[in-house]
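Data first, discussion second: the structure below is written as C-alpha cells.
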Protein chains: 2
Amino acid sequence: MTDTRERIVDATAVLFQRAGYTGTGLKQIAAESGAPMGSLYHFFPGGKEELAASALLASGVGYRLLIEAVLDGATDYVTGVADVFAGAAEALRLSDYADACPIATVALEVASTNDTLRLVTAEVFEDWINTGVHRGVEAGLSAAAARDFAIFFIAALEGGFLLCRAAKSTDPMAAIGRAVVDRLRAELSPTSPAGRGRRR
Amino acid sequence: MTDTRERIVDATAVLFQRAGYTGTGLKQIAAESGAPMGSLYHFFPGGKEELAASALLASGVGYRLLIEAVLDGATDYVTGVADVFAGAAEALRLSDYADACPIATVALEVASTNDTLRLVTAEVFEDWINTGVHRGVEAGLSAAAARDFAIFFIAALEGGFLLCRAAKSTDPMAAIGRAVVDRLRAELSPTSPAGRGRRR
DNA sequence: GTCTATAGCTTGATAGAC
DNA sequence: GTCTATCAAGCTATAGAC
C-alpha cells in the first residue's frame, strides 16, 4: 500500500492536468485518491493552495525526469530533442490528448490570480530551464546560448501541447519539433551558428 | 451607450484572460459588464457555455486583427514578426503580465473537459494559422512552409506568454522571438532554406 | 428587454467521534 | 491518523414582476 500523502498528491497532479486548478474539487481529489476529506487537511493544513503547491512541484520534477530519460536514451542532444517532440506527440495520441504538460494549465490560471502558486510554477520552469542549460553546455553550446535554447525549446513544446490539444492532432507538434531541432543543429554547427548577423 | 450584449461578451473575454473559464463566475461577468443576470440568459440562453463560445470567438478575431495591424505596420514579414514579439513583451510588462493570449488559458482548461468549447478554441487557432499562411505566402514562402512556420510562430508566442507570465519577466519572450525571427529569415533566404537536409 | 430574488447544487473548509 | 457530518459561501440557472 502506497503512502496516503503520496496518493493525494498524485491524484491532484492528474486532475490538475485535465481540469486545472479551479476546475478540480477537493472532494474529487479525495475520491480519486481514496482518502477521506479529513486526511487532505491533515497532510495539507494550508488547504487547496498548499496541496496544489506540492502537486505542482512533484509533477514538475516528475516531468523533468521523464524528459531527461528520453534525452539520456538518445545518442546526442539533437536526436534527444527530436525524440522529446516525437514522444510528446505519441503521449498525446495515446491519452486522447490529455497527457501534456502537467503544470501549464494551472500556471496560466494562477498567473494573475494567486501569486503564491505563480511563484511555484515559475520555480518549476526555472528548474527545467536550468536542466536544459546543463544539457546544452554539455553538448557544446555556450552558457548563454544554452539558456536561450532551453527557453525556446520549452516554450515551443508548451505551445505545441496547446495547439495539439485544441485540434486533437499531433501535426502541430511535428512542425514545431522540426523547427526546434533545426535551430539546435544550426547552433551546434561550427560553420554557421544561428543568430549570427542579427540585424535588429 | 454601447450594446449590452457586446459589453457582456467583452467583460467575459477580459475575465477569462485573467481567471480562466472555471475561475470566472457569471455573477462576476454581470457585475463587470453592468448587466443583470437576466440579460446574460436573455442573450445567451445556452448559459455559460454559449457565452464562453461567443467570447472566445470574439477575442480570437480581435487578437488576430491586433497582430495583423502590427504586421501591416512593418516594412516586411521578418520585421513584422519581430515586432509582434516585442509588442507582446511590452503588453505583458504594461499590464503586470495579464494581457497575453486571450484564449490559451481557457483552451487548456476545456481541452479534456468540454468538447464544444475545445472545438471553438481549435477554430480560433485554425483562423490564426490560416492568416499566417496567407502572410507567409505573400512574403515568398511555399504554402507548406508558410503553414509550418505559422504553427511554429503561434506555438512559440504561446509558450512565451506562459513562461513570461509565470516568471513575471519578458526575458523569455526576447529569446524566443529571436529564434522565431531567425528561422523565418533563414526560410526566406534563397541560398539556405531551413529544413534542407533533414536527417530524421 | 430589464431586473430581483431565489432555487438547487457544489465548493472549500471545519468539528468532533473514533 | 481516519472518517463522517456539516457549515457558510459560492456557483449556475431559473422564475416572475415590471
Side-chain angles (χ1 to χ4, degrees), chain A residues 1-57 105-106 108-110 112-118 120-121, chain B residues 1-56 105-106 108-110 112-118 120:
Chain A
M1 189 55 132
T2 36
D3 186 58
T4 300
R5 192 197 135 99
E6 193 181 318
R7 286 206 326 272
I8 293 171
V9 171
D10 289 352
T12 304
V14 168
L15 291 171
F16 277 7
Q17 194 170 25
R18 281 158 179 70
Y21 181 69
T22 50
T24 301
L26 291 185
K27 295 200 172 165
Q28 215 177 335
I29 293 171
E32 177 84 8
S33 65
M37 282 293 291
S39 293
L40 265 62
Y41 281 90
H42 171 70
F43 290 109
F44 305 95
K48 191 180 189 181
E49 186 177 278
E50 185 185 344
L51 171 53
S54 294
L56 289 170
L57 287 174
T105 310
V106 177
L108 289 180
E109 281 182 283
V110 303
S112 300
T113 58
N114 185 321
D115 217 50
T116 303
L117 292 180
R118 176 189 69 77
V120 173
T121 63
Chain B
M1 185 57 133
T2 38
D3 186 58
T4 300
R5 191 197 136 100
E6 192 181 319
R7 287 206 325 273
I8 293 172
V9 170
D10 288 351
T12 304
V14 169
L15 291 170
F16 277 6
Q17 194 170 24
R18 281 159 180 70
Y21 180 69
T22 51
T24 301
L26 291 185
K27 292 195 173 172
Q28 218 176 333
I29 293 171
E32 177 85 9
S33 64
M37 283 291 293
S39 293
L40 265 62
Y41 282 90
H42 171 70
F43 290 109
F44 305 95
K48 191 180 190 181
E49 186 176 279
E50 185 184 345
L51 170 53
S54 293
L56 289 170
T105 309
V106 177
L108 289 181
E109 280 182 282
V110 304
S112 300
T113 57
N114 186 320
D115 218 50
T116 303
L117 292 180
R118 175 189 69 78
V120 173

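Lettering of chains follows the sequences in order, A, B, ..., and the numbering in each one begins at 1. We use all heavy atoms of the structure for the numbers below, so side chains are in, but hydrogens, waters and symmetry mates are not.
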Requested in this report: Rounded off to whole Å, could you give me the CE-to-P distance for the Met37(B) and dG16(D) pair?
Outcome: 17 Å
Query raised in the report: Think Tyr41(B) has a side-chain N or O under 4.0 angstrom from the OP1 or OP2 of dT14(D)?
Result: no
Query raised in the report: When all nucleic acid strands are considered with a 4.0 Å heavy-atom cut-off, which category describes Thr24(A): base, sugar-phosphate, or nothing?
Result: sugar-phosphate
Query - Heavy-atom closest contact (Glu109(B) atom, Gly23(B) atom, distance) - result: OE2-N, 4.3 Å
Report task. Report the residue (Pro45(A) or Gln28(A)) whose heavy-atom-nearest nucleotide on DNA chain C is the more 5′ of the two. Result -> Gln28(A)
Query - Nucleotide dT11(C), atom C1' - distance to CD1 of Ile29(A) in whole Å - result: 12 Å
Report task. Assign Gly38(A) to base, sugar-phosphate, or nothing according to its heavy-atom contacts below 4.0 angstrom with the strands shown. Result -> base
Requested in this report: Taking only the side-chain heavy atoms of His42(A) (C-beta and beyond), determine which of dG1(D), dT12(D), dA13(C) contains the nearest atom.
Outcome: dG1(D)
Query - Separation of atom CZ in Arg5(B) from atom P in dT2(C), rounded to whole Å - result: 13 Å
Query - Rounded interatomic separation in angstrom, taking CD1 from Ile8(A) and P from dC3(D) - result: 11 Å
Query raised in the report: Checking side-chain contact (heavy atoms from CB on, under 4.5 Å) for the pair Gln17(A)/Thr105(A): CA distance, chi angles, key distance, verdict?
Result: CA-CA 7 Å; Gln17(A) 194 170 25; Thr105(A) 310; over 6 Å; no
Report task. Rounded to the nearest angstrom, tell me the gap between atom CG in Leu26(B) and atom P in dT10(C). Result -> 16 Å
Report task. Look at Asp10(A) together with Arg7(A) and state whether they make a salt bridge at an N to O cut-off of under 4.0 Å. Result -> no
Query raised in the report: Atom NZ of Lys27(B) to atom P of dT14(D): distance rounded to whole Å?
Result: 15 Å
Query - Whether Thr12(A) side chain and Ile8(A) backbone form a donor-acceptor pair below 3.5 Å - result: yes
**Report entry** Ring-face cation of Lys48(A) near Tyr21(A) (centre distance under 6.0 Å, axis angle within 45°)
**Finding:** yes
Query raised in the report: Rounded to the Å, how far apart are Leu117(A) CG and dG12(C) C1'?
Result: 14 Å
Report task. Look at Thr4(A) and dG1(D) and indicate whether a side-chain polar atom (N or O) is within less than 4.0 Å of OP1 or OP2. Result -> no
Query - Closest to the Phe43(A) side chain, choosing from dT2(D), dA13(C), dT14(D) - result: dT2(D)
Query raised in the report: Once you round it to whole Å, what is the distance between P of dT14(C) and CZ of Phe44(A)?
Result: 16 Å
Query raised in the report: Nearest to the side chain of Lys48(B) - dT12(D), dA5(D), dC3(D)?
Result: dT12(D)
Query - Ser39(A) side-chain N/O to dT2(D) phosphate OP1/OP2 under 4.0 Å - result: yes
